[in-house]
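All remarks here apply to the structure that follows.
The analysis underlying the following values was restricted to heavy atoms, covering all of them including side chains, and did not include hydrogens, waters or symmetry mates.
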Amino acid sequence: MNRKNSGAEGGIPGRPSPQPPTVDEPTEPREPLPPKPDQSGPATVSPTGQETGADQAAVAQAGPYLTTAQGARLPDTDHSLKAGSRGPVLLQDHHLREKITHFDHERIPERVVHARGAAAHGVFQGYGTAAQITKAAFLGKGVETPVFVRFSTVLGSRGSADTVRDTRGFATKFYTTEGTFDLVGNNIPVFFIQDAIKFPDIIHAGKPHPDREIPQAQSAHDTFWDFVTLHTEATHHTLWNMSDRGIPRSFRMMEGFGVHTFRLVNSAGATTLVKFHWKPKLGVHSMVWEEAQITGGMDPDFHRRDLADAIEAGAYPQWELAVQTFPDTPEQTFEGIDLLDPTNIVPEELAPVQPIGLLTLNANPSNFFAETEQVAFHPGHLVPGIDITDDPLLSGRLFSYLDTQISRLGGPNFAQIPVNRTHAPVNDMLRDGMHQTAVHRGVAPYRPNSLDAGCPFQTGADLGAYVEVPVAVPAAKKVREAPDSFADHFGQPRRFWLSMSPVEREHIIAAYSFELGKCYEQAIKERGLQVLANIDPELCAGVAAALGLPAPGPTEPLASVEPSPALSQIGQTWPLDGRVIGIVADAGCDLDGVRSVRRAVLAAGMVPLVVGPDGGALGGDGEPLTVQRTFATARSIEFDALLLAGAPGPAADAIGARDAKAGDPAAGRGGASDPRVLLMLSEAYRHGKAIGGWAGAESVLAAAGVPADAPGVVTGDGGDGTLEEITRLLGSHRVWERFAAA
């Protein structure tokens, strides 16, 4: 288990403040509160990368009294300065002007893509296993490197929902001793396009329609499908998006990929081509589509809350960084696969994924804007031992990321923002510009010079300089075209389809059916079916039936490819760190059993949430049990498993006029049970989640339409035995036997 001590009281995360508030407004002046135990800020290095030794509190608010931005204390911030209590506001009110002016400029332009994100601090520890292929110091055995990791969705705005069907960003900033290295990847190993010049096209197609600005954060609309069905190199990425990978259960249960092929250089100058992978210790898991839709309405912040709560609870998320390696040949291909084509993967069965280090996220940001919003990633932030290849998508990203940071963060000095500061000394001769916070010395920011005694001096690779690999560039004509090896747009998608389990294939058919069914134009639906026909007839036929259209035949021979079992998410078991267990009870249930189960859940590194009829606590003869969720506020989507400690009755607020879920006739057929509890159970059952109960819970399960003898439904004599069986089921994430495939 990776569980650590945390500030989450009783193992339950979510407390907003480091100390409980008082009912009355505090009036005794005191210094600002410290951050919560799970929070941290950027390291206190100077704008030029030098350690300051300052406590992080030194860059936070200070003093017990309200002041202006210049430090003058203020007696009042509730009333503008006026000519009499009813008179006009005076222009001379400098505090009003400062407060309103700053507020009016609080927002900066959001990212064009990846606007919606969440992040955490952590540490990366090298295994030393990469020494033969790279001289990068941070990958050395036992070397620990601070990191900041940001997860994101691509299409939506900052205010969109977390659980939409979309690609997720997985960007990692390594603060290495040799400079900052940014590994800017996604949770899908391929991309929609092969050349960066088409990036504006795919994003314009995927974004909301420009006339109505809808739909937000969705690809289920005409412009997206118009583009990807005409531009068939997008087929592979689109298929991944339509799979369960497009709706991850959690950032903690999400793979990451560098997407491109990189070139590593060892200490002897030998080179190796690699693809980077992040492998989550908790395994790769996803939501089912209905679950994702409900979550988008009930808790649009689900993924960021899940990440922050897990860290606060001490269930620190972990990933292994791993590489696939390939010989650095002039052709830059492997087993017939073009390594410069970002729409390709190399199956793990052909090139094993080899772990080279461990990432642990162990602290939440202390300020979202200062850190998560202002962090600036760039694929060109490289360190000795890691170089790029001629991937045409990567080449464009090297330009685009730098350009967008200058626009979004107000100028070229974005690297001096605390979260972006390197931990290596900086002497770059770059001067002035917007938001310059370094106070440079000397009179000669140029080379060569004598007035600053020649400083700064150039170095060679022997002293750690970053030297590009001297790759030979073949003589060629200037052309706007792609190599013939980029032309196969259906072979790799077919491999992905054939690698899926029956239930995963059904989910893909359902996703395509939903998305194409949302399109208005019939021609786009027909064109989409033609693309699917070139992948697989079963896939095409399933979607065609849902659309009420004939299934076309393929326009080219189906690719002859071998499945890659590593692409399926189903079939393994994983650790349980941070899983959330809902325990449903009322005052008449087995509360001693609840107490015992709650202790066992915490001991297993999971989070127990007691769901009761109302807020407060459930008493009985023992220690009171704090209720974290009520029948009105709980929904099945936030739990990995549900336990019933008996047969709880209806709550006092089970009134249709007060809560529509309580007035649902279909959910209320049990009579003696609260309709909202029945709804939770029926949803959890449909979504393949483990369900357990004891002390007479069978009657509630029956009222919810949950067969007591169904796979993954456990009824026992006591809570501990029931939990033990539920825990075993949780390792597979879902009870997959419940999903019938055609």
inquiry  = Applying salt bridge (charged side-chain N to carboxylate O under 4.0 Å, His left out) as the test, list every pair that has at least one member in residues 399-412; sequence neighbours left out.
reply    = Glu373-Arg408
remark   = Contacts of His277 meeting side-chain hydrogen bond (donor to acceptor under 3.5 Å, both in side chains) (sequence neighbours excluded), chain-then-number -> Gln324
request  = Search all heavy atoms of Pro365 against all heavy atoms of Phe148 and return the closest pair with its distance.
outcome  = CG-CE1, 4.1 Å
request  = Report yes or no: does Thr134 contribute a side-chain atom to a donor-acceptor pair with the main-chain N or O of Ala130 at less than 3.5 Å?
outcome  = no
query = How would you list, by chain and number, every residue that makes a salt bridge (charged side-chain N to carboxylate O under 4.0 Å, His left out) with Asp306, sequence neighbours excluded?
reply = Arg249, Arg252
request  = Flag yes if more than 12 heavy atoms outside Tyr446 fall under 6.0 Å of its OH atom; otherwise flag no.
outcome  = yes
message = Over 60° means perpendicular and under 30° means parallel, so tell me whether Phe251 and Phe151 are parallel, tilted or perpendicular.
response = parallel
key: Ring centres under 6.0 angstrom apart (Phe257, Trp278)   = no
key: Donor + acceptor pair across side chains of Glu178, Thr176 (<3.5 Å)   = no
query = Does the side chain of Phe124 reach to within under 4.5 Å of the side chain of Leu358, using non-hydrogen atoms?
reply = no
task = Quick one: closest heavy-atom pair of Phe369 and Glu106, and the distance?
result = CE1-O, 3.9 Å
request  = Work out which heavy atom in Pro42 is nearest to a heavy atom in Glu371; give both atom names and the distance.
outcome  = CD-OE1, 3.4 Å
ask   = Nearest heavy-atom pair of Leu183 and Phe276: which atoms, and what distance?
value = CD1-CD1, 3.8 Å
key: side chain to side chain donor-acceptor pair (under 3.5 Å) contacts in which one or both residues fall within residues 57-77, not counting sequence neighbours   = Asp76-His79, Thr77-His95, Thr77-Lys99
message = Using the side-chain hydrogen bond (donor to acceptor under 3.5 Å, both in side chains) criterion, which residues pair with Arg595? Sequence neighbours excluded.
response = Asp592
ask   = If you look at every heavy atom in Phe170 and Gly256, which pair is closest and at what distance?
value = CD1-CA, 3.7 Å
key: Cation over ring face, Lys173 and Phe377, 6.0 Å, 45°   = yes
query = Heavy atoms, side chains only, cut-off 4.5 Å: are Ser40 and Gln56 in contact?
reply = yes
ask   = Ala424 and Thr177: which non-hydrogen atoms are nearest, and at how many Å?
value = CB-O, 3.6 Å
Quick one: side chains of residues 17-35, donor-acceptor pairs under 3.5 Å with protein atoms, not counting sequence neighbours, listed by atom name and distance.
unit_1 : atom_1 : unit_2 : atom_2 : d
Ser17  : OG     : Gln19  : O      : 3.2
Thr22  : OG1    : Asp24  : O      : 2.6
Glu31  : OE1    : Gly63  : N      : 3.3

inquiry  = Just by distance, no angles: are the side chains of Asp162 and His303 close enough, under 3.5 Å, to form a donor-acceptor pair?
reply    = no
